[in-house]
Amino acid sequence: MSCPDILLIGHVTCDLLSAELEGEHRLGGTVSFAAVTAVRLGRAPTVVTRAAPSTDLSGLPAAAEVRVLPSPATTTFANVYTEQGRVQYCHARALPITPGDIDERLRRPRAVLLGPLVDEIGADVAGLFDDGTLVVATPQGWMRRWDETGRVYGKRWDDAEGILRCLDVLVLSQEDIEHDLSRLEPFFEQVPLVVVTESCDGSTLYRRAAHGGSGEVVKTRIPPRPAREVDPTGAGDVFAAAFMIRLQETGDPVEAARFANVTASFGVEHAGMAGIPGREAVLGYMQEHPFVAAGEP
């Protein structure tokens with residue numbers, strides 16, 4: 001069998017639509033949103049995840065290759081949106097994903113997205129991939145803690161070095177760093193390209209300058225496509241998948257970030273994964289609204 005095109009690693013989730021444990025729910029998780037994004041952009045995703053046997057995975061695209069590893073529980077979140085932002089609870093966690101779960105065929109994809117949600121992916125998994133693979137991570141699952149009620153809070157990613165040195169790209173949100181840009185500094189030292197998503201304000205690229213050996217970081221703001229937000233859940237996951245795909249295709253991080261901004265903006269205009277667009281819609285908007293970036297140190 002051939003090596004995978006796009007590999008997605010992390011837990012699928014049961015996302016409760018309220019704080020009620022027995023309430024309505026739907027499929028979520030970085031790998032779920034990323035799989036739908038990849039298929040709609042014309043790529044072929046392979047998903048490696050863990051979940052309980054009873055988990056309804058019908059929300060994943062039929063075109064995706066899905067490897068569901070056994071677990072007594074499925075990672076379960078409740079997302080409650082307030083005027084002050086999202087309040088999140090973690091009610092259950094699936095087992096970790098280990099190097100033994102990633103066989104040799106899976107270790108040479110064109111690109112891999114590590115999408116941890118509850119610290120289920122370690123540095124031993126991040127370091128598995130061939131030099132020709134574009135390795136991208138969304139670190140939210142390494143930057144969370146929760147109390148005895150399951151209430152989720154942010155935390156500093158103090159043991160990041162082992163994972164960061166394996167990455168080509170790190171994609172995270174302002175919320176992940178609690179709007180403290182100084183927390184990006186350790187990432188710049190290890191990862192050549194860091195992307196921060198900024199909700200309705202678009203995103204910012206931070207690139208380590210390749211010339212002169214000065215270690216200077218060049219910042220480029222990428223404007224958003226204005227959207228009529230209906231459901232922001234998963235927007236960062238859609239962004240990360242679209243960015244990874246377009247960067248792998250073009251090698252141009254500015255083009256990739258603009259492409260990802262537009263893709264994610266369409267996604268938030270509908271509930272769940274229904275609004276994730278096809279490639280033609282994204283490229284059509286970009287053609288009608290050209291953008292030339294100017295970097296700044």
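We're numbering straight along the sequence, starting at 1.
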Check: residues 189-198 side-chain donor-acceptor pairs under 3.5 Å, at least two apart:
from   : atom 1 : to     : atom 2 : distance (Å)
Glu198 : OE1    : Thr204 : OG1    : 3.4
Glu198 : OE1    : Arg221 : NH2    : 3.1
Glu198 : OE2    : Thr204 : OG1    : 2.6

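The closest side-chain donor-acceptor pair between Thr75 and His11 falls under 3.5 angstrom. Arg225 and Ser265 share a side-chain donor-acceptor pair at under 3.5 Å. In the model, Arg207 has a side-chain atom that pairs as donor or acceptor with a side-chain atom of Thr220 under 3.5 Å. There is a side-chain donor-acceptor pair under 3.5 Å between Ser173 and Asp176.
Just one of Val112, Asp103, Val66, Leu7 meets the side-chain contact (heavy atoms from CB on, under 4.5 Å) condition when paired with Val48; it is Leu7.
Within the 6.0 Å centre-distance limit, the rings of Tyr206 and Phe188 are counted as a close aromatic pair. Between Trp157 and Phe187, the ring center distance clears the sub-6.0 Å criterion.
Heavy atoms from other residues, nucleotides or ligands lying under 6.0 Å from CZ of Arg144 number more than 12. Counted within 6.0 Å of CD on Glu280, heavy atoms from surrounding residues, nucleotides or ligands total 12 or fewer; the atom is thus considered open.
With a 6.0 Å cutoff to the six-membered ring centre and a 45° limit on the axis angle, Arg107 does not count as a cation-pi contact of Phe129.
With respect to the salt-bridge test (charged N to carboxylate O, under 4.0 angstrom), the residues Lys155 and Asp119 do not qualify.
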